[in-house]
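Okay, structure first, notes after.
When reading the values below, keep in mind they use all heavy atoms of this one structure, side chains included, and skip hydrogens, waters and symmetry mates.
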Amino acid sequence: MPNDCISYQKSGYFSPLMNDYLDQNPKLQSLYNRFPTLENFEAQIAEKQANFNHNNRASLVSVLQKQYAGIEISHLTEQNIESLKVNNTFTVTTGHQLNLFSGPLYFLYKIISTINLTVELKVKYPAYNFVPVYWMATEDHDFEEINYFNLKGRKFRWNAASTGPVGRLSTEGLADFFEIFEQELGHSTNAETLKKLFEEAYLNHDNLADATRYLANALFSTHGLVIIDADDANLKQNFAPYIKKELLHQTAHTKVLETIEKLKEYTIQVNPREINLFYIEDNLRERIIFENEKFKVNNTKIEFSENEILTLLETHPEKFSPNVIMRPLYQEVILPNLCYIGGGGEIAYWLELKSFFDAVKVSFPILLVRNSVLLATEKQVKKAAKLNLSWSDLFSNQTDLINTKAKVLSEIDIDLSMLKKQLQSQFSILHEITTKTDPSFAGAVKAQEVKQLKGLENLEKRLLKGLENLEKRLLKAEKLKLKDTLDRITDLQNELFPNQSLQERQANFSEFYIESGQQLISKLIERLKPLEQNFDIITL
């Protein structure tokens, strides 16, 4: 089949804001620091090196070593953690929720984009070290977003109660879940590998953060991935000055609202709160609000005076958690980071933040849209070729695809647009004739002319409507005649785009690992080019 290339912009799955960002539309240039090109990292390195508080490196490494205690890691990951102590080491970071068993496929694409970019940067800038980092969203609390994954069209859901940060959530109860999941996997060698991976990650670790760290490390440790859980008192101690500013001055609210005004023609991803912080405990995560000269924890009776909350910040910074607006700042304060890699929705909310970063004097990272991938089997590729389908066809809207293919495959010309044009031309001539009535008869003829013109217009509309209805009936008849072929086209597109959505947002990696094993990761590492703006189509 044709090996045509699908750009992000032409895939039909990216928002107008993302398309304009990828096209480097001048109206967005004030909302980001540098566009992601290999050459632009030179200036980004210089800026981050000058502005980063390198004193934070020692505590960062100490925290990472503590979090990795008891986990077998590769020499490369160990080396990457150690290298963060020195001033010529920088990170490339992606973040993701703690989805059960990684959740949708794009979890892999985010991390592999991050790994591959660090490799490209090392080749271009050999005097520096570049570390791929996965920032676990351990402080999120929306359990309903992460407690399931899909395998072969079936949803596997973990039912548990969760009210606090999800990273602290106990994995108790997942043994029962595992019994159901392992039956679905079967008994192949790759299936047994997946079972062991799930069991060791979730049944041998007490909380979701530790389980997710184990899983990501098992999949990517050989590529030097470093995984961080920022729900840590020492890391938040380094961030405390910015928490204090947020409590007292609410700069984020003011600056982000100013930026949102510039983005009003687009769909806004997130809106700021007056205070963009949560108060957290093991089973509590609620917004901090300021009312009646008191700092209050929403939906509780907990409240503080200004002095009390600042004292709490000094003694227990781990009780303060950044929301979606403040989390990016937290990341950039504690990491020597150059680039954030995320999906379209994430990059959209990062674009709201640059003026806030400028106000608090923190370097704004380069923003890179992660790789997107469509995985296809050789059998599916052969089917597409046999049906004369290009990848552009398969990415198109299903109704449009079927209508287009019905017209192409039909032995008769279903498109009656030429007849419509001829009919419109004939009526134009008639309209012209009626306007050339002898002027001496104007008074007498005018009423008749208007009447005739009106009649002609109505007739024209009826005839055109008739042609449209005829075209629809012809198309419907041809669809019935071509039903077998069109059904095969529909079935193939549904296989590749489950629920008429992107495969990467629906399926779990295990569905493909069962067939391909570790080759799945290897092929993705080999193929994905993070600085290219094309939808990767990979045959397994």
Side-chain angles (χ1 to χ4, degrees), residues 3 5-8 11 13 36 74 76-77 80 92-97 99 101-123 130-134 149-152 189-191 193-194 197 201 212 215-227 339-344 346 368-381 391 394-395 495-498 501-540:
N3 189 25
C5 187
I6 307 296
S7 71
Y8 292 153
S11 70
Y13 286 95
S74 69
L76 184 53
T77 293
N80 278 343
V92 173
T93 302
T94 191
H96 194 67
Q97 295 173 299
N99 295 75
F101 211 41
S102 82
L105 266 167
Y106 67 82
F107 170 79
L108 270 62
Y109 308 153
K110 278 184 168 184
I111 291 178
I112 292 172
S113 299
T114 305
I115 291 168
N116 284 357
L117 181 57
T118 61
V119 173
E120 289 191 49
L121 289 172
K122 185 62 177 178
V123 172
F130 303 96
V131 176
V133 171
Y134 163 38
F149 59 86
N150 297 315
L151 174 62
K152 299 177 183 178
T189 300
N190 290 336
T193 300
L194 287 171
L197 183 60
T212 305
L215 174 65
N217 179 70
L219 292 173
F220 297 108
S221 178
T222 56
H223 301 283
L225 182 68
V226 173
I227 304 156
C339 176
Y340 183 76
I341 296 179
E346 291 174 279
L368 178 61
V369 178
R370 64 167 173 80
N371 285 111
S372 281
V373 179
L374 175 63
L375 298 175
T377 64
E378 289 186 4
K379 183 178 179 181
Q380 289 168 331
V381 171
W391 290 118
L394 288 164
F395 269 84
E495 288 175 15
L496 295 169
F497 296 83
S501 178
L502 287 178
Q503 175 195 78
E504 63 184 34
R505 293 190 168 275
Q506 297 289 320
N508 181 261
F509 84 97
S510 59
E511 185 169 328
F512 299 90
Y513 195 98
I514 289 173
E515 301 299 327
S516 302
Q518 190 59 32
Q519 184 187 1
L520 171 66
I521 306 292
S522 300
K523 184 166 281 193
L524 290 169
I525 291 279
E526 176 189 342
R527 287 285 304 275
L528 300 192
K529 308 297 181 197
L531 294 173
E532 295 181 4
Q533 297 176 11
N534 294 317
F535 220 107
D536 291 282
I537 299 160
I538 296 177
T539 305
L540 296 175

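- Using a 30° and 60° split on the angle between ring planes, His96 and Tyr134 fall in the tilted class, from 30° to 60°.
- Atom CZ of residue Phe220 and atom CG of residue Leu215 lie 8.5 Å apart, to the nearest 0.5 angstrom.
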For Ile537 and Ile6, what are the C-alpha separation, side-chain angles and deciding distance, and is it a side chain to side chain contact (heavy atoms under 4.5 Å, CB included)? CA-CA 9 Å; Ile537 299 160; Ile6 307 296; 4.1 Å; yes
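- A 4.5 Å side-chain heavy-atom check between Ile111 and Pro132 finds every atom pair outside the cut-off.
- Listed for the Ser74 side chain is a donor-acceptor partner under 3.5 Å among the backbone atoms of Ser221.
- Rounding to the nearest 0.5 angstrom, the gap separating the CD1 atom in Ile538 from the CZ atom in Arg527 is 4.5 Å.
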Check residues 509-522 and write down every donor-acceptor pair under 3.5 Å in which the side-chain atom is one partner and the other belongs to a residue at least two apart or another chain.
from, atom 1, to, atom 2, distance (Å)
Ser510, OG, Asn508, OD1, 2.7
Glu511, OE1, Lys152, N, 2.8
Ser522, OG, Gln518, O, 3.3

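- Between atom CG of residue Leu368 and atom CD of residue Gln533 there is a gap of 8.5 Å, rounded to the nearest 0.5 Å.
- Taking the six-membered ring where tryptophan is involved, the planes of Phe395 and Phe497 are perpendicular, since the angle between them exceeds 60° and thus also 30°.
- Listed for the Lys523 side chain is a donor-acceptor partner under 3.5 Å among the backbone atoms of Thr539.
- Side-chain contact between Leu219 and Leu197 is present, with at least one heavy-atom pair separated by less than 4.5 Å.
- Judged purely by atom type and a 3.5 angstrom limit, Glu504 has no side-chain atom pairing as donor or acceptor with the backbone of Tyr106.
- To the nearest 0.5 Å, the span separating NE2 on His223 from OG1 on Thr77 amounts to 10.0 Å.
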Would you give me the side-chain donor-acceptor pairs under 3.5 Å for residues 116-123, sequence neighbours excluded?
from, atom 1, to, atom 2, distance (Å)
Asn116, ND2, Ile525, O, 3.0
Asn116, ND2, Leu528, O, 2.9
Thr118, OG1, Ile115, O, 2.6
Lys122, NZ, Pro126, O, 3.1
Lys122, NZ, Tyr128, O, 2.7
Lys122, NZ, Asn129, OD1, 3.4

Pair Trp391, Val381 - check side chain to side chain contact (heavy atoms under 4.5 Å, CB included), show working. CA-CA 10 Å; Trp391 290 118; Val381 171; 4.2 Å; yes
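- Here the shortest heavy-atom pairing between Ile227 and Ala216 reads CD1-CB, 3.6 Å.
- Note: Thr114 OG1 to Arg370 CZ = 11.0 Å, rounded to the nearest 0.5 Å.
- For the pair Gln503 and Pro498, the minimum side-chain heavy-atom distance is below 4.5 Å.
- Atoms CG and CG, from Leu496 and Leu375 in turn, are 9.5 Å apart once rounded to the nearest 0.5 Å.
- At a threshold of 4.0 Å, the pair Lys110-Glu346 counts as salt-bridged, since one of the basic side-chain nitrogens sits closer than that to a carboxylate oxygen.
- In plain terms, the two heavy atoms of Tyr8 and Ser372 that are nearest each other are OH-N, 3.5 Å.
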